[in-house]
Amino acid sequence: MGEKVKDAPTFARMTAMELAKHVLGTTRARHIVITGGEPALYDLRPLSEIFIEAGRSVQLETSGTHEIRIDPRAFVTVSPKVGMPGGLKVSDDALARADEIKMPVGKPADVERLREVVAGVMAAKDVRLDRIPTVWLQPLSQSAKATALCVEAATAHGWRISIQTHKYLGVR
């Protein structure tokens, strides 16, 4: 297994099997979330298949800017960075694969962009009732104004609200 032996921009390089063995050997977690940076840059099919075959559920959290290559049994969260710095386009295919769409909201324009994204998802694919993504709003920085906007939008559109827990914990 690859281990860190000196300072490097990455911790270790591992094959899918090495990484899965490490994770499965060091945790009893039943649900594994693959996130951080942009995990969809990688072909996650081999890794996710190993985890699922080992009896774990797998979830991918992605910005939706790259092709999603993961076991079809995995749960996919797309958190589109629509109108945010970086300028990468959110893939229609990634949105169509999403089990849920989660978006930080701070102003009315964010809600309008999200409405457009959701409308595009519904129009771009043959929506099966079991594949309609759940939509989550996250009040940006937990401000009272953003929270009120999320409550209003969620009520109007049948969406849900969650918090960005890392903000409460002070984790970046």
Side-chain angles (χ1 to χ4, degrees), residues 11 23 27-42 44 47-48 51-52 56-172:
F11 178 76
V23 170
T27 182
R28 294 175 37 194
R30 294 180 306 213
H31 183 74
I32 297 170
V33 180
I34 303 171
T35 188
E38 179 46 68
L41 288 169
Y42 306 96
L44 299 169
L47 180 63
S48 58
F51 287 144
I52 291 169
R56 305 316 198 274
S57 59
V58 174
Q59 180 176 350
L60 170 67
E61 292 201 9
T62 175
S63 65
T65 56
H66 294 82
E67 178 184 0
I68 295 175
R69 297 169 291 165
I70 197 161
D71 188 289
R73 297 169 288 180
F75 187 89
V76 176
T77 299
V78 174
S79 184
K81 306 300 186 258
V82 180
M84 303 253 179
L88 294 176
K89 182 182 180 321
V90 178
S91 160
D92 290 340
D93 289 339
L95 289 166
R97 173 58 180 87
D99 293 292
E100 68 181 7
I101 298 171
K102 178 174 69 174
M103 187 163 160
V105 171
K107 56 189 180 298
D110 297 333
V111 173
E112 187 53 39
R113 281 191 208 102
L114 182 56
R115 279 180 15 85
E116 292 168 5
V117 165
V118 171
V121 169
M122 304 311 249
K125 66 178 185 172
D126 292 330
V127 177
R128 296 186 344 236
L129 290 179
D130 64 335
R131 292 292 301 163
I132 296 172
T134 301
V135 177
W136 292 92
L137 306 176
Q138 296 181 317
L140 203 56
S141 301
Q142 285 73 50
S143 76
K145 186 176 178 182
T147 300
L149 177 60
C150 287
V151 168
E152 179 183 322
T155 301
H157 301 290
W159 298 339
R160 298 178 181 183
I161 300 172
S162 69
I163 60 168
Q164 294 178 303
T165 307
H166 66 284
K167 301 256 178 117
Y168 281 112
L169 298 176
V171 177
R172 294 187 130 235

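All figures in this text were calculated on a predicted structure; none of them were measured in a lab.
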| query | Is it true that E116 and R113 make a salt bridge, defined as a side-chain N closer than 4.0 Å to a carboxylate O? | reply | no
| message | Can you confirm whether D71 sits close enough to V58 that some side-chain heavy atom of one is under 4.5 Å from a side-chain heavy atom of the other? | response | no
| message | In the structure I gave you, are the side-chain heavy atoms of I34 and L47 within less than 4.5 Å of one another anywhere? | response | yes
| query | Heavy-atom distance under 4.5 Å between the side chains of I32 and T27, does that happen here? | reply | no
| query | Any idea which heavy atoms bring A74 and I52 closest together, and the distance? | reply | N-CD1, 4.0 Å
| Shortest non-hydrogen contact from G106 to L140? | CA-CB, 3.9 Å
| Would V90 and V117 satisfy side chain to side chain contact (heavy atoms under 4.5 Å, CB included), going step by step from the backbone distance to the final call? | CA-CA 9 Å; V90 178; V117 165; 6.0 Å; no
| Spacing of CD belonging to Q138 relative to NZ belonging to K102, to within rounding of 0.5 Å | 5.0 Å
| query | Quick one: CD1 on I163 to CG on L137, what's the gap to the nearest 0.5 Å? | reply | 14.0 Å
| Is the count of non-hydrogen atoms from other residues, nucleotides or ligands lying under 6.0 Å from F75 atom CZ greater than 12? | yes
| query | Does E100 come within less than 4.0 Å of R160, counting only side-chain N to carboxylate O? | reply | no
| Would the number of heavy atoms belonging to other residues, nucleotides or ligands and lying under 6.0 Å from CD of E112 be above 12? | yes
| message | Pair T65, E38 - check side chain to side chain contact (heavy atoms under 4.5 Å, CB included), show working. | response | CA-CA 9 Å; T65 56; E38 179 46 68; 4.1 Å; yes
| said: Ignoring hydrogens, what is the shortest heavy-atom contact between A146 and S143? Give both atom names and the distance. | reply: N-OG, 3.0 Å
| task | Start with the C-alpha distance between W159 and L114, add both sets of side-chain angles, then the distance that settles side chain to side chain contact (heavy atoms under 4.5 Å, CB included), and finish with yes or no. | result | CA-CA 11 Å; W159 298 339; L114 182 56; 3.8 Å; yes
| query | With distance as the sole criterion, is a donor-acceptor pair present between the side chains of E61 and S79 under 3.5 Å? | reply | no
| task | Would you name the heavy atoms of S48 and L44 that are closest together and state the gap between them? | result | OG-O, 2.7 Å
| said: Could you check whether any side-chain N or O of R97 sits under 3.5 Å from a backbone N or O of T77, counting only pairs where one atom can act as donor and the other as acceptor? | reply: no
| Min side-chain heavy-atom separation L149-P108 under 4.5 Å | yes
| Which atom of P133 lies closest to which atom of A98, heavy atoms considered | CB-O, 3.6 Å
| note | Note: S63 and V78 closest approach over all heavy atoms is O-CG1, 3.9 Å
| Would you call P139 and I161 a side-chain contact if the rule is heavy atoms closer than 4.5 Å? | yes
